[in-house]
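Only one structure is covered here, and it is reproduced in the block below.
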Number of protein chains: 2
Amino acid sequence: MDCLDQARPLGAHAGCSHHVKGEDCRLCLIRPLSVCSALEPDEWASLEKISTDVRFEERETLVREADDVVSLYTITAGVVRLVRTLHDGRRQLTGFALPGDFLGLSLERTWTFSIEAITPVTACRFGRATLMEYVDQKPHFLMRLHEMATHELSLAQDHMVLLGRLTAEEKLGAFLLEIRRRWARIEGHKSDHIPLPMGRQDIADYLGLTIETVSRTINQMQRAHHLVIVPDGVRLLNTGYFEHLCP
Amino acid sequence: MDCLDQARPLGAHAGCSHHVKGEDCRLCLIRPLSVCSALEPDEWASLEKISTDVRFEERETLVREADDVVSLYTITAGVVRLVRTLHDGRRQLTGFALPGDFLGLSLERTWTFSIEAITPVTACRFGRATLMEYVDQKPHFLMRLHEMATHELSLAQDHMVLLGRLTAEEKLGAFLLEIRRRWARIEGHKSDHIPLPMGRQDIADYLGLTIETVSRTINQMQRAHHLVIVPDGVRLLNTGYFEHLCP
DNA sequence: GGTATGGTTTGATCTGTATCAATGCGTGTC
DNA sequence: GACACGCATTGATACAGATCAAACCATACC
């Protein structure tokens, strides 16, 4: 089911910001995780020509909902949130993007969500028009984009189940296992230590809860010795509890 | 934003079951709405060879979650629900498919949801393997599938906002306007009469509510003269109320 | 007609999560 | 050290929607 999880692992922790690519796709550490894994070595050079490295500071907005799509991005370091905002200020995060994640799958003219940097972020930027030409010339690249889009769709359906039918405790459990799985794909091995660069409010807006309920639930889990809260996230003590929690 | 809404309208109400195609794509009434609209007239013939008409009775299951994908479908008449079920029986509907909707966008090996007929259904069935060859030969057909998939993704994000952040009243309002918009696309004109072939439980499982809350909310709206409940659905009396409701 | 059946509506009550309101705590700055 | 600032936590209370239970209503069938 999770066809994207077959890419080879990285040695380093890609969550922190370090030199990843420097305009040379051959040295790119997250390539095996990214959309570029659909390409042959001789194609990297052509892709390199149409891409540039960019950097965003914490809290910076990469794109705003309803903006024209002028560039697409592969996150190479750091974490961003994908945000939908209602007129009265209510927020729903539709996802977090971690290193290796591609933003702009849809090839549509305008963005349907805002993208905001949670940490300092580096990304590989592609011009929309040039990437569109690239897509036209390489059907297997379009096929890869399509696979990624339908994978996203399946994850979106998972998240609908979470939002519509899970309790606060189940939501938090599913969230922690999801983030753990995604870090594991980047780092190459599963760890009980789960960095959570996003704040409690972001978690709440992702899970359809309030910040108070998120805080209370995590602290209850700590009191029950299922995890410990550490400065940059949590450490799971009882993974069985979390796996059993997910129905 | 809604690129799929550009197809030409149908004169008749496609919700009811009538002769639609009869193995002749040239006569297909829902073609302009469907994935087939990406094809030229001379390509219909080749598509016709790989498709067959099938019929399902009310409550019949077209496919089961986790089943291998052997066939893909375009609904030609009737309505189906897309269902995810948790181990303890909790259900979340991820969507309804109406005439013109294509099921199997993902091209993956297994289904990630069950598909169940709400009414008698006719569909145009394609073998997965033959359609995959077709996709390989016609890049513009793959492009069309990709557009449809990313459109679905955008709708899925809309639904996340609904599930995570709207009140029961807002959920019902958004649901009725969504269904109205979708019938309008099929019928060719907007009507205040909204057929609701799905039961209250299905609406509840789609909106992340209970059947009692759905019933109460709709009846409240009736008491407030925003709509009237009719045998096959509802009729909106005050569309302004519904449009104002959606934040 | 009677009566079983499946879905819908309505009422009474409960509860999980939101809301409102402090308090705590770590970090950076002067 | 003292103070401010931005989160996170904790407590008290309110309420939207869930749950439990019963009645209602249309349809189909004998």
Side-chain angles (χ1 to χ4, degrees), chain A residues 57-59 79 81 86 88-92 116-119 162-176 195-224 227-234 245 247, chain B residues 57-59 79 81 86 88-93 116-119 162-175 195-224 227-234 245 247:
Chain A
E57 299 308 318
E58 202 174 325
R59 291 173 199 208
V79 179
R81 58 179 173 238
L86 299 176
D88 62 0
R90 279 176 285 179
R91 285 197 330 164
Q92 177 67 46
E116 298 165 7
I118 287 174
T119 65
L162 179 147
L163 290 169
R165 289 296 178 224
L166 300 196
T167 64
E169 189 186 17
E170 290 169 336
K171 285 178 178 182
L172 253 304
F175 168 71
L176 292 176
L196 298 174
M198 66 292 287
R200 297 288 188 262
Q201 186 63 60
D202 285 338
I203 299 176
D205 288 337
Y206 182 55
L207 301 179
L209 298 170
T210 59
I211 186 172
E212 294 95 332
T213 300
V214 169
S215 181
R216 270 187 251 275
T217 307
I218 292 184
N219 281 282
Q220 262 162 242
M221 287 171 171
Q222 175 164 246
R223 257 173 268 126
L227 54 73
V228 282
I229 299 169
V230 292
D232 66 337
V234 298
L245 194 57
Chain B
E57 298 308 317
E58 202 174 327
R59 291 174 201 205
V79 179
R81 58 178 173 240
L86 298 177
D88 62 359
R90 280 177 284 180
R91 286 197 330 164
Q92 176 68 45
L93 300 208
E116 299 165 7
I118 287 175
T119 65
L162 179 147
L163 290 168
R165 289 295 179 225
L166 299 196
T167 64
E169 189 185 18
E170 289 168 336
K171 284 177 178 183
L172 253 302
F175 168 71
L196 298 175
M198 65 293 287
R200 298 286 188 263
Q201 186 62 61
D202 284 338
I203 299 176
D205 288 337
Y206 181 55
L207 300 179
L209 298 170
T210 59
I211 186 173
E212 294 95 333
T213 299
V214 169
S215 181
R216 269 187 249 275
T217 307
I218 291 185
N219 282 281
Q220 261 163 240
M221 287 172 172
Q222 176 164 243
R223 256 173 269 126
L227 54 73
V228 283
I229 299 168
V230 292
D232 66 338
V234 298
L245 194 57

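Chain naming here is simple, since letters A, B, ... match the order of the sequence lines and numbering starts at 1 in each.
A straight line from CG of L196(B) to P of dT8(C) spans 11 Å, rounded to a whole angstrom. Separating the CG atom of D202(B) from the C1' atom of dG6(C) is a distance of 14 Å, rounded to the nearest angstrom. The CD1 atom of I203(A) sits 14 Å away from the C1' atom of dT9(D) (whole-angstrom rounding). Here the C1' atom of nucleotide dT8(C) and the CZ atom of R200(B) are 7 Å apart, to the nearest Å. Atom CD in Q220(B) sits roughly 11 Å away from atom C1' in dA16(D) (whole-Å rounding). When the P atom of dT17(C) is taken as reference, atom CD1 of I211(A) falls 17 Å away, rounded to whole Å. The interatomic distance linking E58(A) (CD) with dT27(C) (C1') rounds to 13 Å, in whole Å. The distance from atom CD of Q222(A) to atom P of dT10(D) is 8 Å, rounded to the nearest whole Å.
Judged by atom type and distance alone, R216(B) reaches the base of dG11(C) through a side-chain donor-acceptor pair under 3.5 Å. Put simply, the side chain of R223(B) and the base of dT9(C) share no donor and acceptor less than 3.5 Å apart.
The nucleotide whose nearest atom lies closest to any side-chain atom of R59(B) is, among dG6(C), dT9(C), dC20(D), dG6(C). Checking dA18(C), dT19(D), dT10(D) against every side-chain atom of L209(A), the shortest atom distance belongs to dA18(C). Here dT8(C) is the nucleotide among dT19(C), dT8(C), dT19(D) with the atom lying nearest to any side-chain atom of S215(B). Across dG17(D), dG11(C), dA8(D), the shortest atom-to-atom separation from the side chain of T213(B) is found for dG17(D). Side-chain proximity of N219(B) to the nucleotides dT10(D), dA18(C), dT9(C) is greatest for dT9(C). Checking dA18(C), dT9(D), dT9(C) against every side-chain atom of I229(A), the shortest atom distance belongs to dT9(D).
Considering Q92(B), R91(B), R90(B) in turn, R91(B) is the only one that fulfils the side-chain contact (heavy atoms from CB on, under 4.5 Å) rule with D205(B). With respect to K171(B), the side-chain contact (heavy atoms from CB on, under 4.5 Å) criterion is satisfied by exactly one of L162(B), T217(B), L245(B), V214(B): L162(B).
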Checking side chain to side chain contact (heavy atoms under 4.5 Å, CB included) for the pair L166(B)/F175(B): CA distance, chi angles, key distance, verdict?
-> CA-CA 11 Å; L166(B) 299 196; F175(B) 168 71; over 6 Å; no
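L176(A) CG to M221(A) CE: the interatomic distance, rounded to the nearest 0.5 Å, is 6.5 Å. We find the CG-CD distance between L207(A) and E170(A) to be 12.0 Å, quoted to the nearest 0.5 Å.
Listed in residue order, the members of residues 166-173 of chain A having a heavy atom less than 4.0 Å from DNA chain D come to none.
The nearest pair of heavy atoms linking L227(B) to I218(B) is CD1-O, 3.9 Å. For D202(B) against L93(B), the heavy-atom pair with the smallest separation is O-CD1, 3.5 Å. For A168(A) against L209(A), the heavy-atom pair with the smallest separation is CB-CD2, 4.0 Å.
With DNA chain C read from its 5' end, the first of the two nearest nucleotides for E212(A) and M198(B) is the one closest to M198(B).
Residue contacts for R90(B): at a heavy-atom cut-off of 4.0 Å it reaches no nucleic acid atom on any strand shown. R165(A) comes within 4.0 angstrom of no nucleic acid atom, judged by non-hydrogen atoms across all strands.
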